[in-house]
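Written out below as structure tokens is the structure these notes cover.
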Amino acid sequence: MQAFKTPKYNRIMTLQETLELHVKAAIKALFQSELTSVEFQATRKEFAGDITVVVFPMLRVVKGNPVVIGEQVGQYLLDNVELVKGFNVVKGFLNIEINDSYYLNFFQSVKNKADYGFVEQKDDKAVMVEYSSPNTNKPLHLGHVRNVLLGYSVAEILKASGKKVYKTQIINDRGIHICKSMLAYQKFGQDETPTEDLKGDKLVGNYYVKFDQEYKAEMAELVAQGQSEEDAKKNAPLLLEAQEMLIKWEAGDKEVVGLWEKMNQWVYDGFEVTYKNIGVDFDTYYYESNTYLLGKEFVAEGLKTGVFFKKEDGSVWCDLTEDGLDEKIVLRSDGTAVYMTQDIGTAIQRIKDYPDVGGMVYTVGNEQDYHFKVLFLILKKLGFDWAKNLFHLSYGMVDLPSGKMKSREGTVVDADDLIQEMADTAEEISNDLGKLEDYNEDEKKSLYKTIGLGALKYYILKVDPKKRILFDPKESIDFQGNTGPFIQYTYARIQSILRKADSDNIATTSVDDAIVMHEKEKQLIKQLELFPEVIQNAAEQHSPALIANYTYDLVKEFNSFYQNISIFGADTELEKSFRIDLSRLVSQTIKNAFQVLGIEVPERM
RNA sequence: GGUCGCAUAGCUCAGCUGGAUAGAGCACCUGCCUUCUAAGCAGGCGGUCCUAGGUUCGAAUCCUAGUGCGAUCACCA
């Protein structure tokens, strides 16, 4: 059941807003009562009408039989509102029929807008959206893919809704885990360098796995010598060496820092290739190695103002018990920074760098729900007014049937491999269908990638971010039904129609044309009319899934129209032109919707 | 144990301010390509909306309790 929500964007008064005023007037005229709001929903297909007023809530103000009240209000609307051409009442539902001219006028007013559904930038305050935020010791996997797709899409949706947006990430470029792969490389690497077949991030990731293997072997040996497992964990020589390396790094040891810079650069180069492959980008980057010091400064500041307190051993804490949470450490007893310190520093640094930012979105997995709750609270306590506009875009893990993905054990679905597999599948299907014989190899390759990526992105974005995804590599992602390729296919099919219309020089329609709409055409226009509102809702709720599901509904509606009504076989030239105009706006809407999902649309497929 | 999230058809998921007979896709079964691209369309099969109470004219949706799954509660990040 589709309900209509009052739009907040700037546009001509919507149908619902117009009707609301009239329904209120009707209640006033008929019953001398004031309604505070009117409840609307789309009329169910089995009843005549376009929009339905629910009478039940009015009973709080007007006493009586809902059917009788519905009849009276309906009659009033019919007599007083030009838009209304009929009505019927079923139980407590007043179904209103709207004049076709309303829909035709609406259609004519938007049909040539390339940016249909998008709102021009209006807010002076910008939003910073963080996503990806990888560690620099391993390549990106399917979990990162979900993160990156969600973050990128939410950023694009916010832009489309009229916000200024900065896309960013925080790079975990320091710490013991980075030293682990560095150490393994130093010991076993034999000066190996990235090659065309082995990207830098993969190379570094291999040594992270190598470290874990060697480390486990050492542990096993120590246990065999009689140590407890716990002791062996702490005493394994490799781990001690890694810890030593971290200390050297912090002390600025030339050799260690040099290796760190070299290997991180390999990883960054590898990441860039993957990001480009996925089709996402960033406006600005932040590195933990640069922001933790600022965090420490503000911890000191918070100590002075009483936001934090110091324990006997010198560690610094924030007492959140009044807010129903625990005490949280913000600085170690030895004065070094913890995770929270860095995040405080990063947030403040970002506002310093971009003073027009009034809020931030953090795309981070739901295992950090608590962390962000605390972070936001601390920033509020520190007195930053932007702290009230922070949002944790939390999402569920992507698990494999075998359990969690673990980079150090090599049980991950690699991002690059996955994309390649998706393209391969698209190629297979495409070859079976054999529609692209006249495409050259480059064109084909690019198309397979568009379709494969479209399938992957849609598959991930159409579900509620909160839900965890169980990804079975053996069961391939669908290319039929509620999928990216299905929608891309519809787009391509419309392009084919438009090419034909273009070569036939078919005229376009105008407001003055006396068009008689077919039921399917009217349904399509109604669905199109919802799009701007869907963008706004998706922005408010940070939900690409709303866009995906809307687009699917639109496309289903179009396909039904397409299969049941002939476009070029229309009875009159006017009808033909109208159907082509309608198809054009549908394809433009698909394109715009997919743009904010980060999915490309093909001209043919 | 405390806290947070999730639970809807065999499977994957929609279902937004509480509204009419809970919707899609996959899978399975019927039809439809000499006509604008069949990655499609038209239809069939399939439901204890986790359980039990409660609020309401009306509950998948809100409240309470419970069950199951996941996460979290580190001087790790």
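Bear in mind the structure is a predicted one, so any value in this text is a computation, not a measurement. Lettering follows sequence order; numbering is per chain, from 1.
Side-chain N/O atoms of A:Lys180 include none lying less than 4.0 angstrom from OP1 or OP2 on B:C76. Side-chain N/O atoms of A:Arg60 include none lying less than 4.0 angstrom from OP1 or OP2 on B:C57. Remark: A:Lys404 is in phosphate contact with B:A71, judged by side-chain N or O atoms under 4.0 Å from OP1 or OP2. The side chain of A:Lys91 contributes no N or O atom lying less than 4.0 Å from OP1 or OP2 of B:A20.
For B:C45, the base adopts the anti conformation, since its glycosidic angle falls more than 90 degrees from zero.
Atoms CE (A:Met340) and P (B:C73) sit 10 Å apart, rounded to a whole Å. Note: CG (A:Asn135) to P (B:A77) measures 11 Å, nearest angstrom. One can place CZ of A:Arg44 at 6 Å from P of B:A20, the figure rounded to the nearest angstrom. In this structure, A:Leu470 atom CG and B:C6 atom C1' are separated by 14 Å, rounded to whole Å. Going from atom CG of A:Asn537 over to atom P of B:A14 covers 16 Å, rounded to whole Å. Between the CD atom of A:Glu327 and the C1' atom of B:G2 there is a distance of 16 Å, rounded to whole Å. In this entry the distance linking CG of A:Asp464 with P of B:C6 reads 8 Å, nearest Å. At whole-Å resolution of the value, OH in A:Tyr208 and C1' in B:A77 are 10 Å apart.
Closest to the side chain of A:Val463, from the set B:A14, B:G23, B:G19, is B:A14. Distance from the side chain of A:Tyr552 is smallest for B:G25 among the nucleotides B:A7, B:G25, B:A20. The listed nucleotides are B:G19, B:G23, B:C69; the one nearest the side chain of A:Arg468 is B:C69. Nearest nucleotide to the side chain of A:Lys467, out of B:A7, B:G19, B:A74: B:A7. With B:C4, B:A77, B:G15 as the choices, the nucleotide that has an atom nearest any side-chain atom of A:Leu546 turns out to be B:G15.
At a threshold of 4.0 Å, the pair A:Arg174-A:Glu250 counts as salt-bridged, since one of the basic side-chain nitrogens sits closer than that to a carboxylate oxygen.
Checked against side chain to side chain donor-acceptor pair (under 3.5 Å), A:Lys466 has no partners two or more places apart in sequence or in another chain. Applying the side chain to side chain donor-acceptor pair (under 3.5 Å) criterion to A:His177, with sequence neighbours excluded, gives no partner residue. The side chain to side chain donor-acceptor pair (under 3.5 Å) search around A:Arg604 returns A:Asp438, not counting sequence neighbours.
A gap of 13 Å separates the P atoms of B:C16 and B:C6, to the nearest Å. Rounded to whole Å, the C1' atom of B:C45 lies 36 Å from the corresponding atom of B:U56. Comparing the P positions of B:C62 and B:C26 gives an interatomic distance of 30 Å, to the nearest angstrom. Straight-line distance between the P atoms of B:G15 and B:A24: roughly 15 Å, to the nearest whole Å. Comparing B:A14 with B:U61, their C1' atoms sit 14 Å apart, to the nearest whole Å. Only the P atoms considered, B:G25 is 11 Å distant from B:G44, to the nearest whole Å. A distance of about 14 Å separates the C1' atoms of B:U51 and B:A60, rounded to the whole Å. The C1' atoms of B:U48 and B:A52 are separated by 13 Å, rounded to the nearest whole Å.
Within 4.0 Å (heavy atoms only), A:Gln488 reaches no atom of the nucleic acid at all. At a threshold of 4.0 angstrom between heavy atoms, the contacts of A:Tyr370 are confined to the sugar-phosphate backbone, with no base atom among them. As judged by a 4.0 angstrom heavy-atom cut-off over every strand, A:Asp334 is placed among residues making no nucleic acid contact. Nucleic acid contact for A:Lys45: none, since no nucleic acid atom lies under 4.0 Å from a heavy atom of the residue. When heavy atoms are screened at a 4.0 angstrom cut-off, A:Pro66 is found touching no nucleic acid atom at all. Among the atoms of the strands shown, none is found under 4.0 Å from any heavy atom of A:Asp504.
Every pair passing salt bridge (Lys or Arg N to Asp or Glu O under 4.0 Å) that includes a residue from residues 316-330 of chain A is listed here, sequence neighbours excluded: A:Lys311-A:Glu327, A:Asp323-A:Lys381.
The distance between the ring centers of A:His392 and A:Phe376 does not fall below 6.0 angstrom.
Panel note: side chain A:Asn147, backbone A:Thr363; a donor-acceptor pair is recorded below 3.5 Å. In this structure, the side chain of A:Trp260 engages the main chain of A:Asp173 through a donor-acceptor pair within 3.5 Å.
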Evaluation steps, ring pair (Phe, Tyr, Trp, His ring centres under 6.0 Å), between A:Phe372 and A:Phe391: CA-CA 9 Å; A:Phe372 280 99; A:Phe391 180 78; over 10 Å; no

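Both A:His371 and A:Asp326 lie close to RNA chain B; mapped to their nearest nucleotides by heavy-atom distance, the more 5′-ward contact belongs to A:Asp326. In this structure, A:Leu59 and A:Ser333 both approach RNA chain B, and ranking their closest nucleotides by distance from the 5' end singles out A:Leu59.
Centre separation under 5.5 Å together with a plane angle under 30° does not hold for the ring of A:Phe93 and the six-membered base ring of B:G19, so they are not marked as stacked.
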Nucleotide pairing, RNA chain B (Watson-Crick or G-U, distances under 3.5 Å), in dot-bracket with [ ] and |: (((((((..((((.....[...)))).(((((.......))))).....(((((..]....))))))))))))....

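The minimum heavy-atom distance between A:Val90 and A:Asn88, with the atom names listed, is CG2-OD1, 3.8 Å.
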Where protein sits on nucleotides 33-43 of chain B, one letter per nucleotide: B base, S sugar-phosphate only, - none, heavy atoms under 4.0 Å: ---BBSBBSS-

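Using a 4.5 Å heavy-atom cutoff, the side chains of A:Pro544 and A:Ile157 are in contact.
Figure legend: A:Arg493 and A:Tyr562 shown as a cation-pi pair, the cationic atom lying under 6.0 angstrom from the six-membered ring centre and within 45 degrees of its axis.
Donor-acceptor pairing under 3.5 Å is recorded for the side chains of A:Asn482 and A:Tyr458.
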